[in-house]
Trainee: 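I am attaching a structure below and will ask some questions about it afterwards.
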There are 4 protein chains.
Amino acid sequence: MPKVGMAPLRRKQLIEATVTTVDQLGLADSTVARIAGEAGLSTGIISHYFGDKEGLIFATMRKMLRDLHDAVASERKAAGTPAQDQLEAIVAGNFDETQINRTSSRAWLVFWAASAHQPKLARLQRVNDRRLYSNLCCQFARVLPLKDARVAARGLAAMIDGLWLRGTLSSDEFDVAGARAIAYQYLHSQLQIAG
Amino acid sequence: MPKVGMAPLRRKQLIEATVTTVDQLGLADSTVARIAGEAGLSTGIISHYFGDKEGLIFATMRKMLRDLHDAVASERKAAGTPAQDQLEAIVAGNFDETQINRTSSRAWLVFWAASAHQPKLARLQRVNDRRLYSNLCCQFARVLPLKDARVAARGLAAMIDGLWLRGTLSSDEFDVAGARAIAYQYLHSQLQIAG
Amino acid sequence: MPKVGMAPLRRKQLIEATVTTVDQLGLADSTVARIAGEAGLSTGIISHYFGDKEGLIFATMRKMLRDLHDAVASERKAAGTPAQDQLEAIVAGNFDETQINRTSSRAWLVFWAASAHQPKLARLQRVNDRRLYSNLCCQFARVLPLKDARVAARGLAAMIDGLWLRGTLSSDEFDVAGARAIAYQYLHSQLQIAG
Amino acid sequence: MPKVGMAPLRRKQLIEATVTTVDQLGLADSTVARIAGEAGLSTGIISHYFGDKEGLIFATMRKMLRDLHDAVASERKAAGTPAQDQLEAIVAGNFDETQINRTSSRAWLVFWAASAHQPKLARLQRVNDRRLYSNLCCQFARVLPLKDARVAARGLAAMIDGLWLRGTLSSDEFDVAGARAIAYQYLHSQLQIAG
DNA sequence: TATGAATGAGTGTTCATTCAT
DNA sequence: TATGAATGAACACTCATTCAT
């Protein structure tokens, strides 16, 4: 008799195996056989649950975006309501441990690059970009003129992504505290324009 | 005697075809046949001049780094000697037209991601990272205490890369002027700490 | 569950197809596509069962050595215990129908030549050479002084291989009876040294 | 002005480079580029002097046969006229230093195997086989009934080839003296049948 | 629900050959 | 006479996908 309710478990297993494999080998060398092997399952299972490899990659990137969203939401919930608190929470969420660990961040980089040539991934990535910008913009607009808020949002978004990118590509350990400090400093300098 | 002196021309042709193809199709779909076809040459020529595909990719990334270096060097030569002028020149060089055009910048992104799993590319990319940081640090150190200079350099490097990354991934045209303004503003805010 | 227990059948099919193809075309023209086609299978199956072409060639040579060993063992089992009987059985085994038919013997020649430049094949071939020599030496030593036994063994081994080689390269049908007679005559002449 | 009379020199250079390369790499890995490189010449030169690769291989095998013929002829000339002297000279010629050195003998083996699937090489090899047999037969027939002479010739030819084959494939140094002794012993045993 | 044997199109690479010089 | 740049067909091998079980 077939086991029932395996679907969510299998999907989770396969997505985690994909992140791990992509981190270790890159997207080009992440064959379905290796991903399935990493999950301790057979190759056929992937088409069973995700249609094809592209579907698995898509689901994996979507899951990572959801995790990032959750990390930010969690920080914001815990923070105070003032604009500065909320902005700091967004920064903190983006540098959350779940986001900047080696495995995740290298997978992120790979998916970003892939999104340049895969419309479906590009759509996901763009939603994410826009959300970060619009979240920042919203908060800055509470205390800055809209024009300044937009610039500040763009600058802080770039700062976050840039710190993350350089941290990921660096051979050294990601200096999270330093990165956060730099982002906060920028954030505060933008808020002081208001004062 | 056979045609002589073709080597530099052929190498240039093939490297340019690689950038074009990588921009259009991504690294995964940039087969040697397509690159050679883009260059109007045969597949065999690639191994003739670059050994194998990896050699061609490596040479292409190195050429892009050289171009970036040239763009920065050119801006710095044209700028005044004060730290602020030199720092602005470094920013300007990184947002030079040759660097932020769609073709180049998408190829850049692809190579960055690839460097995460190809040691040879990683070395090139790391040299580049370090050079940007060290150039910035050097100039900041002329007017800031070393500790502050380091933070400012890390922040500005991240800002440059972040603006570039978001501009590249965005579906809209790269707003160079806006990006430069944001970077300059950050740069100036860091210098004012000194004053 | 997928079809199971196909492995031994497929391996057998592919090895036989290899012998056939090597006989007909030589090793250089025995492409994996042709071997797979001869077996009525696809090219991918070769790497599935043998890793790569080299693995298939190795397995094929090993199988041929096993067949030769079996032919000799079978003759020796059927023969009497005296040294002369055993020696004749060894000769007979080497000229067994399974060994001197056109297909096998031409494949043998090809593998011998290939073993000169492929260490793995060389090892197989050397084990075979040594076994023939040591089997002969053992039996001769029962009735001859060791020194004479060694010479006789080397001579008879050479005679067997030489007759086989010339029979294979000849354009005429292999005259097995004649070859066996010449080998027996040499064998008897060596044994008479004892008497 | 073009150099004249280079043809014989170039042909010699290329043939020697072919023997060397075939010994070191085998026929499959002896590309025209490597052979030409070994000779210190360019690839184009081969088609210039030999038409194509096949022509070079053919010329090389023919040269080796000529060398063998010369070695035997030289020994026979130096030997007495009696049948036994002539037969011993034929054996000696076949085990001449020029024939059993590692380079030559491994090239021989390769060409033998190749002749199984290349009609042009097969013709050369067959002429050689027949010549050895017929030379032996001729001499044996001077002292033995024709029927016995034929058997003796076939046996001695096989003995010579077999000793050579096993000496070549062996990992140890070729024991020429031992090989010659075994061949002489067989030769003498055949002649004694007459007495 | 899950397997993994089997496929065959697609890839990077090699190499004999050609030919302008 | 001699070169070596250039070609493109042929090759071994990989891998996403299918499907009988």
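Within every chain, numbering begins at 1; the chains are lettered A, B, ... in the order of the sequence lines, protein sequences first and strands thereafter.
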Trainee: Taking D:H117 for the side chain and D:A122 for the main chain, is one N or O donor matched with an acceptor at less than 3.5 Å?
Mentor: no
Trainee: Could you state the atom-to-atom distance from CG of C:D52 to P of F:dC13 in whole Å?
Mentor: 5 Å
Trainee: Figure out the NZ/P separation between B:K53 and E:dG10, and round it to whole Å.
Mentor: 15 Å
Trainee: C:R10 side chain N/O closer than 4.0 Å to the phosphate oxygens (OP1, OP2) of E:dA6?
Mentor: yes
Trainee: In this structure, how many angstroms lie between the C1' atom of F:dC13 and the CG atom of C:L14, rounded?
Mentor: 15 Å
Trainee: Got a second to check how far B:R123's CZ is from B:R62's CZ, nearest 0.5 Å?
Mentor: 10.0 Å
Trainee: Is there a side-chain contact between A:H48 and the phosphate of E:dA2, meaning an N or O under 4.0 Å from OP1 or OP2?
Mentor: no
Trainee: Between atom CD1 in C:I35 and atom P in F:dC13, what is the gap in whole Å?
Mentor: 11 Å
Trainee: For the pair made of CG in B:L56 and P in E:dT13, what is the distance, rounded to whole Å?
Mentor: 10 Å
Trainee: With sugar-phosphate meaning primed atoms plus P, OP1 and OP2, does A:T31 contact a base, only sugar-phosphate, or nothing at under 4.0 Å between heavy atoms?
Mentor: sugar-phosphate
Trainee: Could you grab the distance from atom CZ of B:F50 to atom CD1 of B:I15, nearest 0.5 Å is fine?
Mentor: 4.5 Å
Trainee: What is the distance from CD1 of D:I46 to P of E:dT17, rounded to the nearest Å?
Mentor: 9 Å
Trainee: Rounded to whole Å, please give me the gap between CD in A:E54 and P in F:dC15.
Mentor: 18 Å
Trainee: With DNA chain F as reference, determine whether C:S30 or B:T43 sits nearer its 5' end, using the nearest nucleotide of each.
Mentor: B:T43
Trainee: So, are A:K12 and A:E16 salt-bridged, with charged N and O less than 4.0 Å apart?
Mentor: yes
Trainee: Roughly how many Å is it from CG in D:D29 to P in E:dT13, rounded to a whole number?
Mentor: 18 Å
Trainee: State whether C:Y49 places a side-chain N or O below 4.0 Å from either non-bridging phosphate oxygen (OP1 or OP2) of E:dA6.
Mentor: yes
Trainee: Applying the Watson-Crick and G-U wobble criteria at under 3.5 Å, what pairs with E:dG4? Answer none if nothing qualifies.
Mentor: F:dC19
Trainee: Which sits closer to the 5' end of DNA chain E, B:V32 or B:I45, going by the nucleotide each is nearest to?
Mentor: B:V32
Trainee: Distance check, rounded to the nearest 0.5 Å: A:T18 atom OG1 versus A:L56 atom CG?
Mentor: 3.5 Å
Trainee: Taking for each residue the nucleotide of DNA chain F with the nearest heavy atom, is it C:R34 or B:S42 whose nucleotide lies nearer the 5' end?
Mentor: B:S42
